[in-house]
Amino acid sequence: MLASLNARAALLSLVIFFGFLLAWHIGVQGTKAVAPMDPEYARLMGVTATQGKSAMPGPLDVGAQIWKHLNEPFYDRGPNDKGIGIQLAYSLGRVLLGYFLAVMVALPLGFLIGMSPLMSRAFDPFIQVMKPISPLAWMPLALYTIKDSSISAIFVIFICSVWPMLINTAFGVSAVRKEWLNVARTLEVPPIRKAFTIILPAAAPTIVTGMRISIGIAWLVIVAAEMLVGGTGIGYFVWNEWNNLSITNVIVAILVIGLIGMVLDQALAAVGRMLTYPE
Amino acid sequence: MGLFGNPFDAKNKLAKGCPCGAHASQAEHDRVFRAESVEAPGSDETNYERVVQSAILRAIFPVDSHRRAFLGAVGWSTAAAAISSIFPVATATDAFAQSGAIEKKALKVGFIPITCATPIIMAEPLGFYKKHGLDVEVIKTAGWAVIRDKTINKEYDAAHMLAPMPIAITMGVGSNPIPYTMPAVENINGQAITLSVKHKDKRNPKDWKGFKFGVPFDFSMHNYLLRYYLAEHGLDPDRDVQIRSVPPPEMVANLRADNIDGFLGPDPFNQRAVYDAVGFIHILSKELWDGHPCCAFAASREFMTTMPNTYAALLKSIIDATAFAAKQENRKQIAEAIAPANYLNQPQIVLEQILTGVYADGLGQVKKDPNRIQFDPFPWESFAVWILTQMKRWGQVKGDIDYNGIARQVFLATDTTKLMKEVGLVPPTATTKTFVVMGKTFDPGKPEEYLNSFAIKRT
């Protein structure tokens, strides 16, 4: 029954996918009739004007473009023109660096806040104010004070991914069952050992959930940050292709961004499954 | 309090005195040294020192007979020693020993992907930077504010800017005041008013009430020219229409989405709007003011003073490239060199139409105008004066303006003159000239009168 449900779901997914492609293909067929044009004039004009072709690319154009990028993902033709693989590597590098810095800060601080009601109340107002700030709002401030655009981008990743992890860690730590802590107290477990053998395993699933939310936000933000500062990265790629009004490449980039985001998310989900255990 | 009333303003001191303290103004300071260095014989260090010393003396004693009397009384070497003690002659000498070693070979120069930046961009693929001993990376940048910040942050050593930007940065309008210099204009002409195809029948600006227009930046020739054009046709650019800052690459997309009715923007986006059947070219900016400046090559004064040899080599490459771009027969080659994704990332046919001046106007006609865009590095100081009159006209700056002082401080016409000679070009002999904007003559000597002659203004 389960297998057949899966099979049916997969089939339906495929139908939806091909239905969407077909609708897209039909939707972008040029419909405008083209007035006859002086050939000298036509030579100077784009295909939208000369053949009535829609400005929106069809699925076949996008497919061909994806094939082109897959064939040559790592080319390097100067500082402003690099393959999509290299651009992704730049973006991933920035995201992971900013993200791990955030982990280094959020986990210890979250532990501290979770274990101490005093700290929890003292930090609460700051966290509440800082949490809802759009990461990109930090950008001008970061550019102005840090005076380096790539470090600013990493800072923005850091600042946006730190909050969900911090809050989840603090919550996970403070929600450890009282009985377990009482048992530890009865057995006179020293505090460091208590933190690592009782609280950490108990809070781990909540902490990983926070990390999973954070990586998602970090990946969302990097694209926007790179569009803003330019230079390298998948966000810059989108901007550069928009510059050329190449919607085909923009669609390709959107697909790639989605796929990488999914991989990052699933990786942390797998970590989360490893750490969850039945009580 | 007027613009120059602020005692904490960096430009205040520069406008009223000079860094060495020996001259009445920065302009005088510059004039004295630049003029001397052109005549400096050979590359011998002592020659330069002598030239600089005599320049200082001449500045202290403008009247020849006084100077001779002073020298007669104390002797040349005593006078030189006395002056060295109050003024760092060695530093000034270094600044003009142009044939010295280049301090920094690997440079980063930022640009915005528009045809105005042609000389800056093409100097890389066509080898002009290499020719002058530099290894320059030209970096594409997302917008004018970013290019300003990255240049101020020193991520870029120099950058492509809109001609009014170095003036605005130096004056601290829209950013902190930082002394900036603009030693070379990139292009003259080369902009256009593009309207959406749905306005094909509204060719008279009087019908444009309620239109939304895009310009690349508040401090741009585009903004001033569009405002000038509208005002000449009786429309108040602040009340009758809406003018927004739109980054050039987004102009065509916004035009297609009906967010704006038209724009006065840089190429390739005028031609690109035509190419994609979104807009038509209403009028070229050349028809408003033939020979107007647009974009510029800019660097901080700090870069100029700390790395004078690099600065000179970079400027020579730009002037050289600009001279190459000015020749019609090279334009097709340039279009091919700057079309790839590493540079402008545009179809080559679009760039060819802009650079050769044989273009489709979007209304079914092929037009020919070889001067649609031109390249001329000379930063006429009167351009800066005109820009200042317009900044004041539209309320971007208030109070009294030292028009010529700022113009001379930012637009380094004398530097350009010297380097143009070094690369074998013939520079103009004057640094100011009069010109005609929409049928009205502008006299750089009378900026206030010019400003007062407009009916629509914000002052």
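What you are looking at is a predicted structure, and each value in this text was computed from that prediction instead of being measured. We use all heavy atoms of the structure for the numbers below, so side chains are in, but hydrogens, waters and symmetry mates are not. In the text below, chain A, chain B and the rest are named by the order of the sequence lines, each starting its count at 1.
In terms of heavy-atom pairs under 4.5 angstrom with chain A, the leader among Val252(B), Leu344(B), Ile139(B), Val350(B) is Ile139(B). Heavy-atom pairs under 4.5 Å with chain A peak, among Asn153(B), Val274(B), Asn342(B), at Asn342(B). Among Val278(B), Ile349(B), Asp149(B), the residue making the largest number of heavy-atom pairs under 4.5 Å with chain A is Ile349(B). The residue among Glu250(B), Gln271(B), Lys154(B) with the most heavy atom pairs within less than 4.5 Å of chain A is Glu250(B).
Of the two parts of Gln365(B), only the backbone, made up of N, CA, C and O, holds a non-hydrogen atom closer than 4.5 Å to a non-hydrogen atom of chain A. Contacts between Gln353(B) and chain A at a heavy-atom distance below 4.5 Å involve the side chain alone, from C-beta outward. For chain A, the nearby part of Tyr359(B) is the backbone; its heavy atoms alone come within less than 4.5 Å.
Judged by distance alone, with hydrogens and angles left aside, the side-chain atoms of Ser214(A) form a donor-acceptor pair with the main-chain N or O of Ser161(A) at under 3.5 Å.
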Decide yes or no on ring pair (Phe, Tyr, Trp, His ring centres under 6.0 Å) for Phe20(A) and His25(A), but give the supporting numbers first. CA-CA 9 Å; Phe20(A) 170 73; His25(A) 183 70; over 10 Å; no
How far apart are the C-alpha atoms of Cys295(B) and Asn187(B), what are their side-chain angles, what is the distance that settles it, and do they pass the side chain to side chain contact (heavy atoms under 4.5 Å, CB included) test? CA-CA 6 Å; Cys295(B) 287; Asn187(B) 64 310; 3.6 Å; yes
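With respect to Arg331(B) and Glu352(B), no salt bridge is recorded, no charged nitrogen being found less than 4.0 Å from a carboxylate O. Looking at Arg212(A) and Asp265(A), a side-chain N of the basic residue comes within less than 4.0 Å of a carboxylate O on the acidic one, giving a salt bridge. With respect to the salt-bridge test (charged N to carboxylate O, under 4.0 angstrom), the residues Asp267(B) and Arg372(B) qualify.
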